[in-house]
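Notes to accompany the following structure.
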Amino acid sequence: MLDAKFVRAEPEKVRQGLIYKNADPALLDEFLRLDERRRALLVQVEQLKAERNARSEEIARMKREKKDVSAEIEQMRQVSQRIKELDAELDEIERNLTNVLMNIPNLPHETTPLCKDESGNKILRYEGEPRKFNFDPVPHWELATALDIIDFERGSKIAGSGFVLYKGLGAKLERALINWMLDVHTQEHGYTEVFPPFLVNRRAMTGTGQLPKFEFDMYHTDKDDDLFLDPTAEVPVTNIYMDEILDAKDLPIYLTAYTACFRREAGAAGKETRGLLRVHQFDKVELVKFCTPETSYDEHEKLLADAEDILRRLKLPYRVVLLCSGDISFAAAKCYDLELYAPGVDKWLEVSSCSNFEAFQARRANIRYRPEPGAKPEFVHTLNASGVALPRLVVSLLENYQREDGTVEVPEVLRPYVGTDLIA
RNA sequence: GGAGAGGUGGCUGAGUGGUCGAAAGCGGUCGCCUGCUAAGCGAUUGUACGGCGAUAAAGCCGUACCCCGGGUUCGAAUCCCGGCCUCUCCGCCA
C-alpha cells in the first residue's frame, strides 16, 4: 500500500496515478475524508484518555491517603463510558481507512509509460531468430497428444478443464525444466533456493497485494482454515520476511523457488485458453529480491537479465515489453514482460513478468531493514520475476523444436536433464 | 486429535491491579581511558499515531503498544473469556 502520509501530502500525484492505473479516483477522496475525520476524533479521544490517566493516578494517591474517592470514581466512570463510545467510532473509521488504502494501487514509476490500456505498452526489443519452417508448424496440443506426452482429456476427467496430465517424457520434460532453471539461478545467478508452502494464509495474500481486491481469482480452502492456494511463489516467498527487520549488510537477498501455482482464471474460456495456454494449475520457477530503495531499479534490470538468460540458453525467440501504467499489476510500479514466440499457435506468449514493487508490498507485509546499526528501520523494496512459467515455455519449446515427422528435438542444455535428445 | 507448559523491548530475562514503557544482563551508539583489534568507566539506546513547532529539522506534549481480539475495573503486562503460535508427552500417519 501507499504511505498514508504521502497520500495526505501529495493527493494530486496520487489522483494522477489512480487515473493512469485505471483505478477509481473516488478512492482518494474517500481516503482524505476518512483521514480527516479520524484525526479529529483521535484528538478528542486522546484528550479524554489523558484526563483519565491523570485522574486515575490521583485516585491511587488519594486512596493511599485513605481519602474518600467515590465521587471521583463516579465521574471517571462516565468519562470511561464516553471514551468507549468514541473508541468504537474511531475503530470503525480506521477499519474503513485501511480498507480504502488497501484498495489503492501502487503508483507508476516515472519510466513507466502512462496510458490507460495495453496500447501504451512498448516493445523494447526482439531477441533470437524466429525459426524458418519448411513445413506448417502445428500447435502444441496436436504434437503433445500425438506423442502421448500430455493427456488433456484425462487431466480434465480428474480435476476439470484447465488441469493437465503430463505423461512419460512430457512429465520428465517438466521436471527437467524445473531442475535446470533452478540450477542456473542458484549456480550462476547467485540465488538461494527455497521450497515454501503451497498454501498461504490471508495475511500473506494481503502482504503481496492479491487480497483484498482479487479474492475471487484465488482458490480457497474451508472457512475454518482460511488458506489460499498460492497463485504464484511470489506470495509465500516475499512473505518469508514478513514483520522482520533485516540487516542492511544482508541485502540484497536473492531467492528462487519452484512452486505449483493455482489460479481460478474466472471468466476465461475459448481460443486463448486452448491446450497449455491458460491453465488452473501450473509450475513456475520464481525469482524474488529484497533490496534497498537506492538499488532497486538496478536490481530490476539485473532481474530481467536473469529471466532472459533462461530463454536465451534455450535458444527460443522472444521479445521484451515495457508495460504501461494501465497494464501493470496492482502492486507494481514498473514491469517488463517477456514474451516467447510460439509458431504453432502463431502467438507471443507471456512467460515472465518482471516487476519492481518498490515499498508497496514491504509496507503491507511490514518488511524493513536497518540502514545502519541504531538507525531507524526503513521499508525494503521487493521485486520479482518469473524465471520462468512452465506451460507456455513448453508450448514455445514444443512448437519451435518440432520436426516434420511430429517428433520434437530436445534443446541442447536440457539433454542431460531429460536424458534424450529427441522426444519421439 | 488428547493432556500439560509457555508467549514481555534487537536478544536473554524479572515483574504483588495503581509510582511499569516496563528491573537486570547482552547487543547497539556516543564519549572517556588504555600503546594496541581485549578489558574498564560514564552516558545513551523501542515503535506507531496525533498535537504544538512554518504541512522543514531539532525539540516539547499527548495517546497507544508487554502474541492477537474481546471483557471486568475509576485504573490491566498483571484478573477473566476466545483465538493464534511455540515447546513437552500421548495418539495417528507419509
Side-chain angles (χ1 to χ4, degrees), chain A residues 1-14 28 31-98 100-102 195 197-207 221-228 236 239-251 359 362-380:
Chain A
M1 64 186 165
L2 299 178
D3 182 357
K5 276 190 196 142
F6 173 78
V7 179
R8 197 182 296 146
E10 304 277 2
E12 285 320 303
K13 281 189 187 167
V14 175
L28 175 66
F31 172 88
L32 294 173
R33 190 182 69 78
L34 288 168
D35 185 56
E36 196 167 329
R37 179 81 187 117
R38 169 181 173 272
R39 278 186 295 165
L41 261 177
L42 199 57
V43 169
Q44 205 181 340
V45 76
E46 285 189 349
Q47 270 169 6
L48 284 175
K49 282 181 179 173
E51 182 188 347
R52 181 178 69 183
N53 287 344
R55 299 283 294 273
S56 283
E57 257 179 63
E58 179 75 9
I59 288 171
R61 198 177 53 75
M62 288 170 75
K63 268 192 151 172
R64 272 196 300 275
E65 293 168 2
K66 308 258 188 263
K67 290 184 182 165
D68 177 30
V69 293
S70 51
E72 279 71 17
I73 285 180
E74 181 49 40
Q75 278 181 22
M76 283 303 99
R77 186 170 302 167
Q78 288 171 23
V79 171
S80 279
Q81 184 55 35
R82 180 70 185 138
I83 288 173
K84 209 176 205 171
E85 289 163 14
L86 290 176
D87 262 343
E89 196 180 337
L90 192 59
D91 201 56
E92 161 110 27
I93 285 172
E94 288 188 338
R95 261 204 308 277
N96 291 339
L97 199 57
T98 303
V100 169
L101 202 54
M102 283 292 193
F195 201 120
F198 287 7
L199 275 77
V200 294
N201 60 30
R202 187 169 286 275
R203 174 82 204 284
M205 289 288 272
T206 307
T221 64
D222 284 346
K223 282 231 185 314
D224 288 348
D225 300 315
D226 201 24
L227 292 171
F228 296 83
N239 283 292
I240 286 174
Y241 297 112
M242 175 199 295
D243 291 328
E244 292 192 33
I245 298 174
L246 304 170
D247 204 324
K249 68 174 188 290
D250 295 331
L251 298 176
R363 199 171 284 114
R364 289 171 163 243
N366 193 26
I367 306 170
R368 295 176 293 171
Y369 77 105
R370 209 178 288 280
E372 287 168 41
K376 201 177 137 158
E378 308 270 355
F379 290 111
V380 299

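Within every chain, numbering begins at 1; the chains are lettered A, B, ... in the order of the sequence lines, protein sequences first and strands thereafter.
Whole-Å rounding puts the A/Met242 CE to B/C67 C1' distance at 15 Å. Atom CG in A/Leu86 sits about 20 Å away from atom P in B/G62, given to the nearest Å. Atoms CZ (A/Arg203) and C1' (B/C85) sit 14 Å apart, rounded to a whole Å. What separates CG of A/Asp243 from P of B/G9 is a distance of 13 Å, to the nearest Å. Whole-Å rounding puts the A/Lys49 NZ to B/C65 P distance at 7 Å. Regarding A/Asn201, its CG atom lies at a distance of 17 Å from the P atom of B/C68, rounded to whole Å. One can place CD1 of A/Ile83 at 14 Å from P of B/G71, the figure rounded to the nearest angstrom. Atom CZ in A/Arg202 sits about 15 Å away from atom C1' in B/C84, given to the nearest Å.
Each of A/Glu57 and A/Gln47 lies near RNA chain B, and the nucleotide nearest A/Glu57 is the one positioned closer to the 5' end.
Taking the charged nitrogens against the carboxylate oxygens, A/Arg61 and A/Glu58 do have a contact shorter than 4.0 Å, which makes a salt bridge. With respect to the salt-bridge test (charged N to carboxylate O, under 4.0 angstrom), the residues A/Glu74 and A/Arg77 qualify. Salt bridge present: A/Arg37 and A/Glu89 bring a charged side-chain N and a carboxylate O closer than 4.0 Å.
Spacing of C1' atoms, B/G27 relative to B/G10, comes out at 8 Å, to the nearest Å. Comparing B/C41 with B/U47, their P atoms sit 27 Å apart, to the nearest whole Å. A distance of about 33 Å separates the P atoms of B/G51 and B/C30, rounded to the whole Å. Spacing of P atoms, B/C80 relative to B/A5, comes out at 13 Å, to the nearest Å. Of the P atoms belonging to B/A22 and B/C85, the separation is 33 Å, rounded to the nearest Å. As rounded to the nearest Å, B/G9 and B/G46 have P atoms that lie 14 Å from one another.
The partner of B/C52 is B/G59, judged by Watson-Crick or G-U wobble contacts that both fall below 3.5 Å. Remark: B/G42 base-pairs with B/C30. Criterion, Watson-Crick or G-U wobble with two distances under 3.5 Å. Look at B/A24: its Watson-Crick or wobble partner, with both distances under 3.5 angstrom, is B/U12. Across every strand in view, B/U72 sits unpaired, with no contact that passes the Watson-Crick or G-U test at under 3.5 angstrom. Using Watson-Crick or G-U wobble geometry with both donor-acceptor distances under 3.5 Å, B/G35 finds no partner in any strand shown. With both pairing distances under 3.5 Å, B/C85 is matched to B/G6 as a Watson-Crick or G-U wobble pair. Pairing for B/A64 is with B/U47, a Watson-Crick or G-U wobble pair whose two hydrogen-bonding atom distances lie under 3.5 Å. Of all nucleotides present, none satisfies the Watson-Crick or G-U wobble test against B/A77 with each distance under 3.5 Å.
With sequence neighbours excluded, no residue satisfies ring pair (Phe, Tyr, Trp, His ring centres under 6.0 Å) with A/Phe379.
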Checklist line | Derivation and outcome, side chain to side chain contact (heavy atoms under 4.5 Å, CB included), residues A/Asp226 and A/Phe228 | finding: CA-CA 7 Å; A/Asp226 201 24; A/Phe228 296 83; 4.1 Å; yes
Check nucleotides 48-50 of chain B against the protein and report each pair of N or O atoms closer than 3.5 Å, with its distance, or say if there are none.
from: B/C49; atom 1: O2'; to: A/Arg38; atom 2: NH2; distance (Å): 2.5
from: B/G50; atom 1: OP1; to: A/Arg8; atom 2: NH1; distance (Å): 3.0
from: B/G50; atom 1: OP1; to: A/Arg8; atom 2: NH2; distance (Å): 2.7

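A/Arg364 places a side-chain N or O within donor-acceptor distance of the main-chain N or O of A/Met102, the cut-off being under 3.5 Å. Side-chain N or O atoms of A/Arg38 include none that pairs as donor or acceptor with a backbone N or O of A/Glu94 at under 3.5 Å.
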Margin query: I need a per-nucleotide contact map over nucleotides 72-77 of chain B, read 5' to 3'. Cutoff is protein heavy atoms under 4.0 Å; write B for the base, S for backbone only, - otherwise.
Written below: S-BS--
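Looking at heavy-atom distances under 4.0 Å, A/Ala50 makes contact with sugar-phosphate atoms alone, never a base.
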